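Encoded as structure tokens, the structure appears first; notes follow it.
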Amino acid sequence: MVCALLLALLPAAIPTSAHAEDQDSLSPEPIDFVVLVDESGSLSPADVAAERAAASVLALGEVSDRSRVAVVGFGSVTRQGQAPVDTVCPLTRVDAAGRERLSSCVSGLHRRSDSEGNGTDFPAALAQGLSLLADSDDSTPKIIFLLTDGRLDVSDSPAYGDDPASRNANGRKTLAKRVAQARSDKVQIWPLGFGSDIDKEQLAALAAGGYQSRCADLPSARPTARVTAGSSEVADILLTAFAGARCARTMHSRAESVSSSADLKVTIPPVATDGTIDVVKENPDGVAVTYYDPRGRKVPLHGKAYGSEFELVGQSGPVEALRIRNPYPGTWRVHVQVLDGASAQRITATAIWQGVLRSYILVEPPVPTAGQQVTAHVTLQTRQGVVLTEPGQLNGIKVSVKLTGAGFPARTVRLEDRGKDPDPRAHDGEFSARITVPRTATGSLSFTGLMVGEGIAGDQRPYSTELASTSPPVTGAIVFDDREVHPGSTAQGGIELRNDDDAAHRLRLTLQGGSAASALTIGPQRITVAPGQAVRVPLRMRFGPGAALGTVPGRLTVRDESSGQVVTQAFVTVRVVPVPGFLDRYANAVGAGAALTLALAVLLALRWQDRRRARDTSDIQLILYRADTELSRLRAPAHAGPEFGFSLRAAAGGNQRLLLDEAQGRHRVRRTADGGLTVRLPDGQRIVIPRNQRSALADGLSLGFADHRPASRSARGSRAERSTRGSGRPVPKERTRRRRGERESAGRNATLTTRRPYDNDF
């Protein structure tokens with residue numbers, strides 16, 4: 001019993017192990033693909049080498065170790081005993097061991113001799129690729145890449161008829177059937193032709209005839225035929241095609257003739273969660289490669305370092321690939337060293353990366369009724385808990401929400417981050433839109449966040465809820481008073497709750513999706529709301545001394561423990577900022593000179609800071625009232641300066657609450673010289689709020705404030721002087737105590753509740 005009580009009194013902490021397991025599950029989805037490589041007699045030795053490198057690039061450059069790949073060489077059958085295809089690498093999982101096998105087996109690709117059947121049998125090659133992919137799971141994307149230096153040619157193959165003149169025509173008919181089968185089996189076809197004898201129309205028909213749906217509407221993800229003049233470009237072009245098919249992105253860097261050493265540079269953006277750097281070498285025996293991260297640190301070829309995981313394969317082959325999990329964003333340097341005695345050669349480095357993001361979604365109200373309009377909000381977060389908020393990170397990403405449920409067809413609505421209602425702020429990484437629940441809806445609902453972007457892959461974890469038949473008995477809202485906090489400090493806020501039921505409700509506060517790097521604990525963990533009670537419970541979020549700087553990820557949820565229903569949710573909107581040092585606070589006061597000059601400069605700076613502090617509104621807390629009932633409190637931003645803005649928003653029960661809002665045309669707050677406040681209304685009018693008083697706002701609402709700034713010595717002196725005015729002598733202590741008692745009594749009578757509604761706190 002005692003242990004249970006102590007556990008209940010502890011603030012809620014992020015479950016680190018559960019968080020790690022959840023983030024580890026956020027990995028690139030696997031694909032199954034087959035590389036079909038032309039081995040016809042028209043190939044030169046350089047062409048064969050380029051094809052081997054291209055096949056290796058695909059096999060080794062894949063970002064998921066759950067994917068599978070096969071490599072098939074093909075020619076044709078000209079006499080009995082020959083085979084049109086040769087599977088040099090069977091379908092192999094692309095883990096560490098599999099990548100080593102693939103690096104070796106691609107050397108089996110070769111130019112066929114006359115005795116082996118050296119025509120170009122596209123239908124037989126496609127049939128083998130489809131056969132290898134036949135056992136793939138339906139949910140796994142299936143792709144065929146076709147490399148060729150020519151066009152379909154089965155004129156010497158008796159498999160297509162006894163009449164040589166009609167064999168190619170018969171081959172084209174069979175090819176059409178294989179392409180139709182690919183579409184039916186949901187297999188994409190990506191052809192790549194090199195050389196001067198390419199039938200571009202035929203390759204385009206192969207791409208268009210196969211399966212098309214992949215990566216939503218991204219143009220780069222649609223199967224496309226690609227053609228290049230020579231085999232030297234094959235690996236680069238094929239890897240670009242692979243990136244499109246894989247919903248990834250690439251960046252190339254090339255050195256045409258390296259005789260001693262060179263630095264190749266490729267950039268991996270902050271949104272990337274997984275990637276590889278592929279290095280293609282003409283003479284693998286004479287090149288040594290070293291990799292440096294964007295901070296100039298040499299990275300290991302295997303193992304973990306600097307928050308990333310590394311794995312290198314193919315170091316002794318024509319293609320080596322460094323797979324990186326959680327790559328450090330920025331420009332990577334690939335240093336290549338041509339060893340003594342090796343000839344100058346062309347070297348290419350290519351980064352292929354993908355950002356696998358999680359979409360966190362919340363819905364207001366969390367338990368809607370049929371026909372009700374709700375607001376959906378979505379934020380995007382990487383595996384390591386980084387919330388995407390910068391415009392450069394979000395550029396090109398489109399976010400939607402899909403509503404599904406019983407009794408109506410699914411509907412999808414585009415979300416925006418432009419600061420227009422209902423989106424609270426522009427370009428802050430929170431996307432919002434309104435969506436109406438159909439009147440025909442019954443039972444459960446699912447809201448799923450969808451994202452589309454070049455190189456972006458998102459999970460589709462839904463927010464699920466049940467339709468409410470009546471208004472929920474408990475409603476609420478989560479408000480953050482502090483927008484910035486230092487490591488080791490506590491951010492303040494409030495949970496506004498209203499219980500319209502005739503029974504008490506016990507609620508629980510939890511945090512989902514937070515990062516262990518935040519070292520964050522929250523409280524109170526449990527809240528009890530009495531029947532008919534409307535309360536504002538203090539919310540505290542304590543950050544550890546080692547908390548990571550930046551936007552804090554996660555979603556706070558208040559849930560009714562008896563029914564399991566969500567009462568209210570909110571994204572954490574707090575940033576951890578560094579503690580300002582001496583130079584940060586007194587940058588204008590620090591100079592280089594003698595001690596006396598420095599002391600004078602500091603003194604002047606402090607006096608200037610005092611004057612600025614007299615106008616600073618950071619310690620103001622606005623209080624909204626209806627009659628004598630307190631509705632909402634709003635703390636000014638941590639670095640508000642001489643003024644800050646706010647707006648009124650509808651809250652639970654038809655009341656209003658205060659919300660920080662810096663948009664143009666909102667309420668603006670400034671201090672007055674006598675310690676009060678002046679509020680400029682959206683229509684341009686001004687109201688003055690004297691200290692310890694309220695002023696009418698609108699619609700029966702009034703506004704007061706609490707000033708948490710310590711009174712200066714001059715202000716204390718002014719109050720002492722005012723207490724002696726009037727009669728010319730000091731006010732008797734007995735009268736002073738009586739007035740103070742009257743004020744305290746009035747304050748207690750105006751309090752909404754005297755009972756603590758929460759069980760635990762810090």
Side-chain angles (χ1 to χ4, degrees), residues 32-62 68-77 82-92 94 101-113 116-133 143-154 175 178 182 187-195 197-199 202-203 206-207 210 225-228 230-242 245 278 280 314 317-319:
D32 286 349
F33 62 99
V34 177
V35 187
L36 303 177
V37 182
D38 190 342
E39 294 183 321
S40 60
S42 58
L43 295 171
S44 68
D47 294 339
V48 174
E51 287 186 329
R52 289 173 180 171
S56 296
V57 162
L58 293 196
L60 305 184
E62 166 55 14
R68 297 186 301 170
V69 59
V71 180
V72 177
F74 69 92
S76 67
V77 172
Q82 296 175 343
V85 297
D86 176 23
T87 304
V88 297
C89 301
L91 205 58
T92 303
V94 195
R101 289 194 296 270
L102 291 165
S103 177
S104 175
C105 65
V106 294
S107 61
L109 294 170
H110 65 286
R111 174 185 177 276
R112 289 192 174 208
S113 64
E116 294 176 291
N118 57 4
T120 309
D121 193 341
F122 287 167
L126 281 179
Q128 180 68 2
L130 294 172
S131 175
L132 289 169
L133 296 173
I143 305 169
I144 288 178
F145 296 94
L146 174 67
L147 279 71
T148 181
D149 73 330
R151 61 186 68 205
L152 184 149
D153 182 9
V154 291
L175 180 60
R178 297 289 179 262
V187 178
Q188 288 187 341
I189 303 174
W190 290 73
L192 171 61
F194 59 93
D197 190 28
I198 297 297
D199 187 341
Q202 188 175 65
L203 297 186
L206 292 178
R226 299 170 187 260
V227 176
T228 181
S231 60
S232 61
E233 306 286 340
V234 167
D236 295 348
I237 294 178
L238 186 59
L239 192 54
T240 301
F242 176 73
D278 298 339
V280 181
V319 177

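All values below were derived from every heavy atom in this structure, side-chain atoms included, with hydrogens, water molecules and symmetry-related copies excluded. Please read these numbers as outputs of a predicted model, since none were measured by experiment.
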Approximate separation, where rounding is to 0.5 Å, of S40 OG and D47 CG: 9.0 Å
Donor-acceptor contact present, side-chain S107 to main-chain S104, <3.5 Å: yes
Nearest-0.5 Å distance, CG of residue L203 to CZ of residue F122: 6.0 Å
Evaluation steps, side chain to side chain contact (heavy atoms under 4.5 Å, CB included), between V106 and V319: CA-CA 11 Å; V106 294; V319 177; over 6 Å; no
Under 3.5 Å: donor-acceptor pair, side chain of R111, backbone of G41: yes
Verdict with supporting geometry, L238 and V57, side chain to side chain contact (heavy atoms under 4.5 Å, CB included): CA-CA 9 Å; L238 186 59; V57 162; over 6 Å; no
I144 side chain near L130 side chain, heavy-atom distance below 4.5 Å: yes
Test item: R178 side-chain N/O and A127 main-chain N/O as donor-acceptor pair under 3.5 Å: no
Exercise: do S76 and D121 side chains pair donor with acceptor under 3.5 Å: no
Side-chain (R52) to main-chain (L109) donor-acceptor, under 3.5 angstrom: yes
Aromatic plane relationship, F33 with F145 - under 30° parallel, 30 to 60° tilted, over 60° perpendicular: perpendicular
Expected output: side-chain E62 to main-chain A59 donor-acceptor under 3.5 Å: no
E116 vs H110, side chain to side chain contact (heavy atoms under 4.5 Å, CB included): CA-CA, chis, key distance, verdict: CA-CA 11 Å; E116 294 176 291; H110 65 286; 3.1 Å; yes
Atom pair CG (D38) and CG (L43), whose distance is rounded to the nearest 0.5 Å: 5.5 Å
Test ring pair (Phe, Tyr, Trp, His ring centres under 6.0 Å) applied to F194 - qualifying residues, sequence neighbours left out: none
